[in-house]
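If you read the sequence from its start, that first residue is 1, and numbering goes on from there. Note that the structure is a prediction, hence the values are computed from the model and not measured.
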Amino acid sequence: MEAQPRTDARSSPTVASSSELTGDHLQEEDLNLRRRTAARLSTDSATDPTLLERPVELVSRAQTAEEIFEVVPAAVRVPRSQRRGLFARATILAEIEDPYQYSYKTKWFIVFLVAYAAAAAPMGSAIFFPSLSQVATELHTTPTVVNLTIALYMLALAIAPLWWSSLSEQFGRRSIYLISFILFIVFAILSAESTSIVMLTVMRVLSGGAAASVQAVGAGTISDIWKPIEKGKAVGFFYLGPLCGPLFAPVVGGALSQTWRWRAPMWFLAIYGGTTFLLILFALPETLKKTKTAAGLVEEQEIDPPPLDSPPSAWSRTSTREYVHSRAIQCIRILRICFVDPLKSILYLRFPAVFLTVYYASITFAALYVLNISIQATFEKPPYSFSTLVIGFLYVPASLGYVIASIGGGKWMDRIMAREARKDGRYDEAGLPIYRPEDRMRENAWLGAILYPLSLIVYGWTAEKGTHWIFPMIALFFFGLGSMIIFSLATTMLTEFLPRKSSAGVAINVLLRNSFSVVATIVAAPLITVIGNGWLFTILGLLTLVSASVVWSMKRYGPRWRVAMDKMAST
């Protein structure tokens, strides 16, 4: 039989290039076309075995890694009766065997869900700022004590993700989301009904710890459904939730507290948590890949005692001892999951690549909180004397920077990683590129590392000298642009440094960055009073510029650190 003519997938008018397939315009027809092409290649290879080498040929001629043609198999749906997670049968979106195979529309919808949910925790702190004086007056306490409730709330945001991430790796993402937001709603309602500052503080801490689940688990969900070459852009959009939420929250909080007093923002949080719970309940399937057992544990043979109606000889000392031993092992496992495994995540900081990435993201996050405190403290006083509502809108320029960096920065980061793989000639046996996390820190990281520290310095002196408000706002925009580049690449790299424990890596990041933000929240206002905005942000800008040495270190030593980390993880 005559061999079928070989078709170049790149030159064929019926096959889209991979740059289109991984772009914003990937539609269902593209996926169907890829499946039909895969079937045709499979059939043709029976008569022309060399046709199977086509992917390698494509790689050798590709100008960019995005041009590589990759066949995606059809998604296999999980039957409704076998879906995982709490109330799994209620989901509209079906769970599938391989989460990578969700359509692009579904993936972006999931990104929207987790970003929306991730906004709840940081929003809970920012929405409280405009009503601090009202709380102090009504609950008969001092502003310093009320500020302490915010610091403790941030501390809960730092610590709780260690537990949520560990539990999500064991029991799945969906169940953790639902449980945490049920708790968040309850504690938000109790916060609104608080009759003393002690009750308010406790309820606020508990609500912060409940909402903190998405801070780490959300990034794990992104890692579940997106491949490395596509993940950067997705993480950028996900970060819009936790970053833009607290920037718009002061506007909402100011309007609500001005009209209905300080309890209204707490009720708003309860309503927000309720809508989030409903969205997750009906629209978010389980995305964690299946393991050998439902809980991710190694099953052992279950030892049951003899039936009660068995003769006494059946109740031997040996069988009773084995049964007790089996139950003891189960209790030890439960204790390990609840108390030991979450704290084990901290041990990942012993890896230089993880530690430096987390440190750099944390120092950037601390700068963000110092900036937020400064905006509130500076523009409510002369020469600006803006109202609470107007001050809320001053957070918008930074938000615009976040949005632009999220839309363009993530895609840029993915292209850089693909470019580095092509430049070094890193391909696997199938001819597909091999991506490395440290490749994400290149010229994009240098741009962010220089842009946002200089923006801090410009903001500090323009605010200190009382210049027209437009000049500090321009600085805030560029701060949002530069810092968002750092936030998104740090989170993406952590999910790739620890692919099997992606949410644990992000939980460590949340722990350190929120710990830094607690310190920033406490010291920012006194430092502004003592040394002023100019010198404070000059010192902070120089510190963050020096911290940019992380970018140089990752380029120089990143490959060596990653190899050592992979070896330790495999042993």
Side-chain angles (χ1 to χ4, degrees), residues 109-131 149-150 152-161 163-165 167-168 173-192 200 203-222 237-253 256 263-284 365 368-369 372 392 395 399 402 487 491 503 506-507 509-511 513-514 517:
F109 179 69
I110 293 175
V111 171
F112 163 76
L113 284 183
V114 293
Y116 181 84
M123 183 187 297
S125 64
I127 203 171
F128 206 46
F129 282 122
S131 56
T149 66
I150 296 179
L152 293 176
Y153 180 94
M154 296 301 300
L155 190 60
L157 293 185
I159 298 174
W163 272 261
W164 290 126
S165 66
L167 293 174
S168 75
R173 320 293 193 196
R174 175 181 169 84
S175 297
I176 297 304
Y177 288 139
L178 292 175
I179 292 172
S180 63
F181 272 94
I182 289 175
L183 296 175
F184 176 74
I185 295 168
V186 172
F187 295 135
I189 293 174
L190 292 175
S191 297
L200 177 63
M203 293 302 106
R204 290 273 297 157
V205 170
L206 292 175
S207 64
S213 63
V214 198
Q215 301 291 295
V217 182
T221 299
I222 302 299
F237 276 94
F238 163 71
Y239 241 106
L240 285 177
L243 285 176
C244 290
L247 294 179
F248 290 110
V251 179
V252 177
L256 291 175
R263 297 180 190 273
M266 301 298 100
W267 283 108
F268 175 85
L269 291 177
I271 296 172
Y272 190 93
T275 59
T276 303
F277 175 83
L278 292 176
L279 284 172
I280 295 172
L281 176 65
F282 293 111
L284 185 64
F365 203 70
L368 167 64
Y369 267 79
N372 287 344
Y395 293 88
S399 298
Y402 294 141
F487 290 142
T491 302
S503 62
V506 179
N509 185 31
V510 173
L511 172 66
R513 83 181 188 195
N514 282 348
S517 69

List the atom of [X], the atom of [Y], and the distance in Å for their closest heavy-atom pair.
X	Y	answer
Gly220	Arg173	O-NH2, 3.6 Å
Ala118	Phe238	CB-CE1, 3.8 Å
Ala210	Ser180	O-CB, 3.2 Å
Pro161	Ala156	CD-O, 4.1 Å
Gly253	Pro265	O-CG, 4.1 Å
Ala120	Tyr153	O-OH, 4.0 Å

In terms of relative ring orientation, are Phe181 and Phe184 parallel, tilted or perpendicular, with 30° and 60° separating the classes? perpendicular
Working to the nearest 0.5 angstrom, can you tell me the gap between [X] [atom1] and [Y] [atom2]?
X	Y	atom1	atom2	answer
Thr275	Ile280	OG1	CD1	9.5 Å
Ser168	Arg174	OG	CZ	14.5 Å
Leu183	Leu206	CG	CG	9.0 Å
Ser207	Ile189	OG	CD1	11.5 Å
Leu368	Asn372	CG	CG	4.5 Å
Leu113	Leu279	CG	CG	5.5 Å

Kindly indicate whether the side chain of Phe128, heavy atoms from C-beta on, has any atom under 4.5 Å from the side chain of Ser191.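 When only atoms from C-beta onward are counted, Ser191 and Phe128 do not touch, as no gap falls below 4.5 Å.
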When you compare the side chain of Ser165 with that of Gln215, does any pair of heavy atoms fall below 4.5 Å?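 With C-beta onward as the side chain, the pair stays apart.
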Is the ring centre of Tyr116 less than 6.0 Å from the ring centre of Tyr272?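 Yes; Tyr272 has its ring centre under 6.0 Å from that of Tyr116.
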Apply side-chain contact (heavy atoms from CB on, under 4.5 Å) to the pair Arg204 and Leu269, showing each step before the final yes or no. CA-CA 11 Å; Arg204 290 273 297 157; Leu269 291 177; 4.1 Å; yes
I'd like to know whether Ile159 forms a side-chain contact (heavy atoms from CB on, under 4.5 Å) with Leu511, so could you lay out the CA-CA distance, the side-chain angles of the two residues, the decisive distance to 0.1 Å, and finally the verdict. CA-CA 6 Å; Ile159 298 174; Leu511 172 66; 4.2 Å; yes
Test log, rule side-chain contact (heavy atoms from CB on, under 4.5 Å), inputs Phe487 and Arg513: CA-CA 10 Å; Phe487 290 142; Arg513 83 181 188 195; 5.8 Å; no
Give a yes or no on whether the backbone of [Y] and the side-chain of [X] come within a donor-acceptor separation of less than 3.5 Å.
X	Y	answer
Trp164	Gly209	yes
Tyr177	Val214	no
Thr221	Val217	yes

Taking only residues two or more places apart in sequence or in another chain, which ones pass ring-ring contact (aromatic ring centres under 6.0 Å, His included) with Phe187? none
Please test Ile222 against Val111 for side-chain contact (heavy atoms from CB on, under 4.5 Å), starting from the C-alpha separation and ending with a verdict. CA-CA 7 Å; Ile222 302 299; Val111 171; 3.6 Å; yes
